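This report refers to the structure that appears directly beneath it.
These numbers were taken from a predicted model, which means no experiment stands behind them.
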Amino acid sequence: VQLVESGGGLVQAGGSLRLSCAASGFTADDYAIGWFRQAPEKGREGVSCIRSSPARTYYADSVKGRFTISSDNAKSTVYLQMNDLKPGDTGIYYCAAATQYYSLTYSCLDRSGMDYWGKGTLITVSP
């Protein structure tokens, strides 16, 4: 499985960005794909994720109402639309996926439950 993120960049507070995660080598029927972020000198935290069975989306409290996760199965791509960005949203954003049975017992916002990771894309939100 390969995950490639794109869409990062520099944006002013209040602005919007859309991240994309293109997945390849993905054949599992039961999976979870999520977005995590890591701010400077902080741990990696779950931002949003989507599970296939049952189909459901999840969000960290800090981004509820501002971020929206979606997927285009035909393109094997997951998106994260981020609106009303704040300086606290600054960090490296990683796409991750879980396909193993044991991994899927975790919350998809828990980094411990992810089997595959992308290399990340940097988002900087200026005041």
>> Do Asp30 and Ser53 pair up side chain to side chain, a donor and an acceptor below 3.5 Å, judged on atom types alone?
In response: no
> Does Asp89 pair with Lys86 as a salt bridge, N-O distance under 4.0 Å?
Replying inline: no
> Within 45° of the axis and under 6.0 Å from the centre of the six-membered ring of Tyr94, does NZ or CZ of Arg37 qualify?
Replying inline: no
> What is the minimum heavy-atom distance between Tyr106 and Arg51, and which atoms define it?
Replying inline: O-NH1, 3.2 Å
> Can you tell me how far CD1 of Ile33 sits from OG of Ser52, rounded to the nearest 0.5 angstrom?
Replying inline: 9.0 Å
>> To the nearest 0.5 Å, what is the distance between NZ on Lys75 and CG on Asn73?
In response: 12.0 Å
>> Please tell me whether Thr77 and Asp72 have a donor and an acceptor in their side chains that are separated by less than 3.5 angstrom.
In response: no
>> Is there a side chain to side chain contact (heavy atoms under 4.5 Å, CB included) between Gln81 and Asn83? Walk through the geometry before answering.
In response: CA-CA 7 Å; Gln81 177 67 42; Asn83 298 327; 2.9 Å; yes
>> Closer than 3.5 angstrom, by distance alone: can the side chain of Asp115 be matched with the main-chain N or O of Thr99 as a donor-acceptor pair?
In response: yes
>> Can you give me the closest heavy-atom contact between Ser103 and Ala98, atom names plus distance?
In response: CB-CB, 4.1 Å
> Looking only at heavy atoms, which two atoms of Met82 and Ile123 are closest? And how far apart?
Replying inline: CE-CD1, 3.0 Å
> Rounded to the nearest 0.5 Å, how far apart are CD of Gln38 and CG of Leu122?
Replying inline: 11.5 Å
> Can you find a heavy atom in the side chain of Gln100 that is under 4.5 Å from one in the side chain of Tyr116?
Replying inline: yes
>> Walk me through whether Leu3 and Lys119 qualify under side chain to side chain contact (heavy atoms under 4.5 Å, CB included).
In response: CA-CA 8 Å; Leu3 304 170; Lys119 293 183 178 181; over 6 Å; no
> To the nearest 0.5 Å, how far apart are CG in Leu17 and OH in Tyr93?
Replying inline: 9.0 Å
> Can you list the steps and then say if Phe67 with Val47 is a side chain to side chain contact (heavy atoms under 4.5 Å, CB included)?
Replying inline: CA-CA 9 Å; Phe67 291 11; Val47 175; 3.6 Å; yes
> Between Thr121 and Gly8, is there a donor-acceptor pair closer than 3.5 Å when you use the side chain of the first and the backbone of the second?
Replying inline: yes
> About how many Å separate CE of Met114 and SG of Cys49, when rounded to the nearest 0.5 Å?
Replying inline: 6.0 Å
>> Does the Lys NZ or Arg CZ of Arg111 fall within the cation-pi geometry relative to Phe36 - under 6.0 Å from the ring centre and within 45° of the axis?
In response: no
> Can you name the one residue among Ile50, Val63, Leu109, Leu80 that meets side-chain contact (heavy atoms from CB on, under 4.5 Å) with Trp35?
Replying inline: Leu80
>> Run the side chain to side chain contact (heavy atoms under 4.5 Å, CB included) test on Trp117 and Arg44 for me, step by step, so that the C-alpha distance in whole Å, both residues' side-chain angles and the decisive distance to 0.1 Å come before the verdict.
In response: CA-CA 12 Å; Trp117 291 87; Arg44 195 171 298 187; 3.4 Å; yes
>> To the closest 0.5 Å, what do you measure between OH (Tyr79) and CG (Leu19)?
In response: 12.0 Å
> Would you say the side chain of Tyr58 lies within less than 4.5 Å of the side chain of Cys108, judging by non-hydrogen atoms?
Replying inline: yes
> Taking all non-hydrogen atoms of both residues, which atom of Val78 and which atom of Ser71 are closest, and how far apart?
Replying inline: CG2-CB, 4.1 Å
